[in-house]
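Here is the structure we will look at.
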Amino acid sequence: MLKKTNELLRETYYFTRLDGGLPVFFIPRQGFNKKIAVLATEYGSIDVEFILPGRQKFTRLPAGVPHFLEHQLFKKDYGDISDKFAANGASYNASTGYTNTAYFFTCTDNFRENFKLLIELVFAPYFEKTNVGRERSIIEQEIKMYDDMPETILSRNLMESLYRKHPARVDIGGTAQSIQNITPEILQQAYATFYHPGNMVLVIAGDIDFSLIRQDFNEYFSRPAVKSLFTSESSGKISDRVLIKRKKVTEPDEINEFSRIAKGPVARPQISIGYKERRVGLKGEAFIKQNMITGMMLDLLIGTGSPLYSQLYGEGLVDTNFSFFHAGYKTHGLTILNGETDDPEKLHDRILKGIRKAQRTGFKKMEVARIKRKGLGAATAAFDDFGNLAGLFTNSYFNRINAFDVIKYLKSISVKDINKRLRSHLDKKYHVISILKPL
Amino acid sequence: MPLFEKINIAPAINLHLAPTDKFKTMLIRLYFHFPLDENVTRNALLARLLARGCRQYPDMRKITQFLESLYDAGFSVDVGKIGERHLIRFEFTAVAQRFLPGRTDNLLKGFDFLKKIIAEPLLEKTTSGLPGFKKSYFKQEQQNLKNLINSLIDDKMAYAQERCIQSMCQTEPFRRYEYGRVIDIFSITPAALRRYHQEVLATAPIDIFVVGQFKPARIKKMARGIFASPPFIQRRTCLRASHRQAGTRPGIKTIPPAQPSPSVAAERLIREKKNVEQGKLVMGYRTYTTLRDKDIFAGLVFNGVFGAFAHSKLFQQVREKSGLAYSVDSQFEKIKGLILVNAGIDHDQFEPTVQLIKGQLKQIQRGNISDLEFTGTLKALEDILKSLEDNPVALIDYYLGRSINGRADSIQATRAQFKKVTRRDVSRFARKIKLDTIYFLTK
């Protein structure tokens, strides 16, 4: 078992592989009652076209399969596995994103029992027609719930404007229409492709005896029914590694269309401004650093400490609900700025002017030092929250970096890095707007 | 982790300390308490103005730069209502000193900062000659508060809940929205709000919670230095060392407990039409039970069986068995004593859903409670209580709710109370509650 310690954070984690090649991170939390386990697979809504095990050609599945699968794994031949978590007093849930799906629980008691349930939840699929039909109507209501949220309409229009072909154009849950075509067979195909332990990661944090966890997992995994799921037909053995062939997404740098203006049940106009990432496909350190640099750059540009934000607030164009973020994924990325304002066109114009001005002058050393201090504090504070902590390790693993290294990366970022990114990423040519006006 | 130590530092000003080195961050939360009366709008506007800046940190830039220099310290101000009590809440968080380079004392800086924000606002002379809040900020925050109140409709489920409460509690203080009313905003003036601000500092009950690594004696001394002085207490003219007291606060506001729920004569049904994809159903029940009553424990177990969790009857029947909803749950407002059921459903499924929900309550009244529903609820409640110690914010919420209701129950004692609840208690509780209002937001 590999042990890593960080002096500054006063934290330690352990890494090892369990049977089937499942990588596992264990972060001890002495003195805490709460415990968490997250089991995640590198399979998300953008994975729509890939080669199924044992086939030669690409198969394209309907939008929304990973999310449907996430719902459906809770259903077993005896009923819903949720009941068993509930009987133990655990909190449990799952979530699907663009690039991965995560299953997790938190509890204060019965960690081992809950952990065994998590393994069963993920490694004992049961896809049956009636169950799938019932789940479909629940997911339909979920989609309708999101359709009533202004932010869904805004972001959907924004994504469709930014991207021409990329699967991120479609909501993570798919559409009311696309989910009609999802069958037990399709769920099975997706499962067989992506739910191999070699494509997954397990993160555990808490005041727990880790040796028992290893024992429990390996015992469960040695059951013939489980083992057979991952045994290759040709060799008769479980391979530790799995090679998944996803169809390469060919998305141009150019945006699809500049603007979308919609009407909806909102109190006053809302605007989303999006910048399309062109530096995609970075890996590991370069990828993580680019994300960090962009976040810091945006904070300097338009965070509450910036002259631009003060100006916009003073003009009454933004309010405390103004928000912005950058998100980088495997094959796409974007920066989004969101505001509620009586005059969206004016806000858009002012932001563009503010960006041009910042690009001319650049940020100063002092400002960057301040924002780096902020980053360091945030990276430290993240360890107080179990969810953040597990998320940090899951994402670090999928990006093949050491979770503790984020602090090293942060320190290495220079004024030049940030100013360069300011000038390249926020290029007017690659931005779109989405506006939602009251009916 | 130790429980909060309560120290009275001046009349109706209490400090609650939980020293611990468990966390990487420390937290200060300071609450001003008010009755939930016609002043809600003033309170909401005051909170926004104080957050805009003070003499030393006159704008958001200066505030943010100060916070960033402390390695991502956090600061926020908001209002909230619990039961028929209104609160203004100030929060300051910062990474504990031992994880940071240098020797600055973040907790000391946090206290000093909060004091300045709360008591030393930016003032200007108004046309009447009296000092008032800075006019440009005042006008902007009037506008922002108006927008905030109007934007409730953007969150359809929150809007539906608020509308249900408004009509259900139309003669009780609880009807008031925590951010107030648009029509009350523009009659407030900068000078009148400043006068109100001074009155608040001198007369509102204050609770200050601190969680993190510190020496209690130091924090007590610091807090006394700030809050046992003007403008929080009245200046004493002849103060001889031998008579040194905490000082006085004449006119302290007392906050009455929530009004008891009236009896329900008949169910009220309200349908409101808006452009929504999905219908939003809210059903408001009166429980005649609050945190002041012993029966609250049976009530919380009842709510767990009924709708608080995914193993509850509502989620199982409305979602899992019937596929009528994705989201369906019930929430217990423990200080006013209401239970609100929420569900997002198709427009044409109103009748069957309401019948199904009513049917679930009948089942519990008849004693039809499964092992999973009962023991799962007890275990989930136990899990929530045990997790409190790992989350400073949740811990403060827990103590605040209890302390204002005159209960000093430790987490241990609360756990023991839940263990005493029987299925019979749950059925009895179910027979006690009354459906008051059904509200449906539909197209």
Side-chain angles (χ1 to χ4, degrees), chain A residues 8-10 31-34 80 82-83 86-92 106-109 134-142 144-145 147-150 264-268 270 303-307 309-310 313-314 316 319-321 340 370-371 373-378 380-381 383-384 386 439, chain B residues 1 22-25 59-61 63-65 67-73 93-95 99-100 136 140 143-144 147-148 150-156 274-278 280 309-311 319-320 323-327 344-346 371-372 375-376 378-383 386-387 389-391:
Chain A
L8 185 69
L9 293 168
R10 303 182 200 189
F32 284 81
N33 292 331
K34 194 165 176 167
D80 198 314
S82 304
D83 295 352
N88 288 332
S91 298
Y92 52 91
T106 63
C107 66
T108 51
D109 286 319
R134 190 157 46 222
E135 205 59 31
R136 185 178 294 119
S137 63
I138 294 171
I139 295 172
E140 273 167 6
Q141 288 304 326
E142 186 179 2
K144 283 186 181 172
M145 177 184 81
D147 285 347
D148 270 337
M149 299 180 178
V266 286
R268 60 185 190 134
Q270 301 191 8
T304 52
S306 70
Y309 181 83
S310 284
Y313 198 104
D319 189 356
T320 40
N321 56 31
E340 281 179 38
R370 214 184 61 228
I371 222 77
R373 277 184 154 207
K374 181 179 176 178
L376 194 63
T380 310
F383 280 77
D384 271 354
F386 277 77
L439 291 164
Chain B
M1 184 167 153
K22 212 165 128 173
F23 305 109
K24 291 195 157 49
T25 50
D59 54 40
M60 276 185 288
R61 265 190 91 185
I63 292 174
T64 304
Q65 287 170 0
L67 297 169
E68 285 170 355
S69 72
L70 296 183
Y71 296 86
D72 197 31
T93 59
V95 172
F99 296 103
L100 299 176
S136 58
Q140 279 170 7
Q143 200 58 39
N144 290 341
N147 290 333
L148 175 70
N150 285 338
S151 70
L152 174 64
I153 183 67
D154 293 354
D155 182 341
K156 303 293 180 291
K274 291 267 177 202
N275 197 320
V276 284
E277 282 293 315
Q278 184 187 57
K280 314 292 176 195
F309 304 107
H311 67 263
R319 170 169 158 157
E320 296 296 310
L324 288 167
Y326 165 74
S327 72
I345 55 173
D346 269 339
D371 286 347
L372 176 65
T375 56
L378 289 179
K379 285 193 174 158
L381 291 170
E382 170 104 358
D383 187 71
K386 286 176 81 177
S387 304
E389 292 176 20
D390 296 338
N391 181 338

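Every chain is numbered from 1 and lettered A, B, ... according to where its sequence line falls, protein lines coming before strand lines. When reading the values below, keep in mind they use all heavy atoms of this one structure, side chains included, and skip hydrogens, waters and symmetry mates.
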Suppose we screen for ring-ring contact (aromatic ring centres under 6.0 Å, His included). Which residues come up paired with Phe309(B), at least two apart in sequence or across chains?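 Phe309(B) satisfies ring-ring contact (aromatic ring centres under 6.0 Å, His included) with His311(B) once adjacent residues are dropped.
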Results of ring-ring contact (aromatic ring centres under 6.0 Å, His included) for Phe99(B) - residues two or more places apart only: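 Partners of Phe99(B) by the ring-ring contact (aromatic ring centres under 6.0 Å, His included) criterion come out as none, since no residue qualifies.
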Interface residue of largest heavy-atom contact number with chain B, from [options], under 4.5 Å:
options	value
Gly375(A), Gly264(A), Gly316(A), Cys107(A)	Cys107(A)
Arg136(A), Lys34(A), Glu135(A), Glu140(A)	Lys34(A)
Lys144(A), Arg268(A), Met149(A), Glu142(A)	Glu142(A)

Which bit of [X] is near chain A, if near means a heavy-atom gap under 4.5 Å: side chain, backbone, both or neither?
X	result
Gln140(B)	side chain
Lys156(B)	side chain
Ile345(B)	backbone
Ser387(B)	both
Ala325(B)	backbone
Asn275(B)	both
Leu324(B)	backbone

Chi angles and distances behind the side-chain contact (heavy atoms from CB on, under 4.5 Å) call for Asn144(B), Tyr313(A): CA-CA 10 Å; Asn144(B) 290 341; Tyr313(A) 198 104; 3.0 Å; yes
Could you give the distance from CG (Asp390(B)) to OG1 (Thr108(A)), rounded to the nearest 0.5 Å?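 Reported value, rounded in 0.5 Å steps: 9.0 Å.
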Between Thr93(B), Asp346(B), Leu152(B), the one whose heavy-atom pairs under 4.5 Å with chain A are most numerous: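 It is Asp346(B).
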